[in-house]
Amino acid sequence: MEKPKAIFLDAVGTLFGVQPSVGDVYARLARDYGVDLSPSVINQAFYKSFKAADPLAFPGASTREIRRREYEWWRAIVAQTFQQAGGLERFSDFSTFFAELYAHFASGEPWVVYDDVPRSLQRWQDMEIELGVISNFDSRLHNVLQELKLGDFFQSVTISSEVGAAKPEATIFQKALKKHECDPAAAWHVGDSWSEDIEGAKAVGMRAVRIQRD
């Protein structure tokens, strides 16, 4: 198999995940505000709310506007999560709770890097393969990658909220490829979502590799 010029990777679910779960993290922080809910109930409500949300992309928005809209996008999802879990009205100050939660996920603390990731990135780097991230995340990803000691592996980070297009749209893949001056046929994309990562990458001519985490 011919060595690719560049390998792009998804972020959450491919490079790292939440430990032990989104529901556990939300429940732990909510208890500090007097709201005690089952982590499993919150987890189910979160994924339902997340899947129902519009793509995290804001075409034509300025940098300042993007940061504000990222915050509002996540605030709506978290509010809907606690509404479905039966806990939203129990918060005396939901805005302060959400501000703390949002900042928490901008750090490395709630995330865990999968065991195979550092050695795989190092191997590809040693092979002089260019590495990039393509993610339907927000601007907090830059800091998360640094705190998880992954940032130095990547020559580019392409985020849906910043480029105005989310996977599986062709635009986000094309913008990532352009940063490396790389033809799609010379690039791989690794991710955990069949529709976003695999079908999206294949549609623009990239080789797509699906990774399935536990």
Side-chain angles (χ1 to χ4, degrees), residues 8-19 21-26 29 42-43 45-82 94-114 117 131-176 178-179 189-193 195-197 200-201 213:
F8 297 92
L9 298 104
D10 174 49
V12 180
T14 300
L15 295 173
F16 54 84
V18 180
Q19 185 181 20
S21 73
V22 172
D24 282 279
V25 177
Y26 279 29
L29 293 179
I42 295 175
N43 211 49
F46 168 76
Y47 282 106
K48 183 177 180 180
S49 300
F50 183 82
K51 290 179 180 179
D54 292 332
L56 183 53
F58 315 110
S62 66
T63 300
R64 178 178 293 184
E65 181 73 4
I66 287 170
R67 301 298 181 263
R68 181 184 68 79
R69 293 181 68 175
E70 287 174 341
Y71 192 86
E72 291 177 350
W73 190 91
W74 279 108
R75 191 183 193 281
I77 287 179
V78 174
Q80 181 65 23
T81 295
F82 280 96
F94 179 78
S95 294
T96 300
F97 161 74
F98 176 70
E100 180 181 347
L101 182 73
Y102 192 80
H104 184 66
F105 277 92
S107 72
E109 186 176 345
W111 306 104
V112 58
V113 177
Y114 298 116
V117 167
L131 299 174
V133 173
I134 303 177
S135 174
N136 287 354
F137 207 140
D138 57 67
S139 56
R140 293 175 295 173
L141 180 58
H142 297 290
N143 189 66
V144 170
L145 288 170
Q146 291 300 324
E147 292 211 4
L148 295 178
K149 302 187 186 308
L150 298 177
D152 290 344
F153 284 108
F154 298 104
Q155 285 75 58
S156 72
V157 178
T158 306
I159 302 170
S160 63
S161 65
E162 295 182 342
V163 303
K167 296 180 293 185
E169 293 181 65
T171 300
I172 189 170
F173 293 100
Q174 291 165 345
K175 286 183 178 291
K178 187 175 181 180
K179 292 177 183 179
H189 178 67
V190 181
D192 65 310
S193 169
S195 60
E196 294 177 359
D197 296 306
R213 302 293 186 187

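The structure displayed is predicted, hence computed values, not measured ones. Numbering of residues begins at 1 and proceeds along the displayed sequence.
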| task | Count the heavy atoms belonging to other residues, nucleotides or ligands that lie under 6.0 Å from CZ of Arg213, then report whether that count exceeds 12. | result | yes
Tell me the closest heavy-atom pair linking [X] and [Y], and the distance in Å.
X	Y	value
Lys179	Thr158	NZ-OG1, 2.9 Å
Val133	Leu145	CG2-CD1, 4.3 Å
Phe46	Tyr26	CE1-OH, 3.6 Å
Gly191	Asp10	CA-CB, 3.8 Å
Ala57	Gly164	CB-C, 3.7 Å
Val117	Leu15	CG2-O, 3.4 Å

Would you compute the distance between atom [atom1] of [X] and atom [atom2] of [Y] and round it to the nearest 0.5 angstrom?
X	Y	atom1	atom2	answer
Leu56	Phe137	CG	CZ	9.0 Å
Asp24	Asn43	CG	CG	7.0 Å
Phe153	Leu9	CZ	CG	11.5 Å
Trp73	Ile66	CH2	CD1	14.5 Å
Asp197	Asp192	CG	CG	6.0 Å
Thr96	Leu101	OG1	CG	12.5 Å

Is the side chain of [X] donor-acceptor paired with the backbone N or O of [Y] at a distance under 3.5 Å, no angle test?
X	Y	result
Gln19	Trp111	no
Glu70	Ser139	yes
Arg140	Tyr102	yes
Glu169	Ala166	yes

| task | Could you tell me which residues satisfy side chain to side chain donor-acceptor pair (under 3.5 Å) with Thr171, sequence neighbours excluded, listed by chain and number? | result |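 Applying side chain to side chain donor-acceptor pair (under 3.5 Å) to Thr171 gives none.
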| Are Asp138 and Tyr71 side-chain neighbours, meaning at least one heavy-atom pair lies under 4.5 Å? |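 No; the side chains remain at least 4.5 Å from each other.
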| task | Report the C-alpha separation of Lys167 and Ser160 in whole Å, then their side-chain angles, then the decisive distance to 0.1 Å, and conclude whether the side chain to side chain contact (heavy atoms under 4.5 Å, CB included) test is met. | result | CA-CA 7 Å; Lys167 296 180 293 185; Ser160 63; over 6 Å; no
| task | Would you please test Phe105 and Val25 for side chain to side chain contact (heavy atoms under 4.5 Å, CB included) and show each step? | result | CA-CA 10 Å; Phe105 277 92; Val25 177; 3.7 Å; yes
| query | Which word best sums up how the rings of Phe94 and Phe97 line up, parallel for under 30°, tilted for 30 to 60°, or perpendicular for over 60°? | reply |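 Ring orientation of Phe94 relative to Phe97: tilted.
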| said: If the threshold is 4.0 Å, N to carboxylate O, is there a salt bridge linking Arg68 and Glu65? | reply: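 A salt bridge links Arg68 with Glu65.
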| Check against side chain to side chain contact (heavy atoms under 4.5 Å, CB included), Phe50 and Val22 | CA-CA 11 Å; Phe50 183 82; Val22 172; over 6 Å; no
| When you look at Asn136 and Ile172, which way does the side chain to side chain contact (heavy atoms under 4.5 Å, CB included) test go after all the steps? | CA-CA 9 Å; Asn136 287 354; Ile172 189 170; 4.1 Å; yes
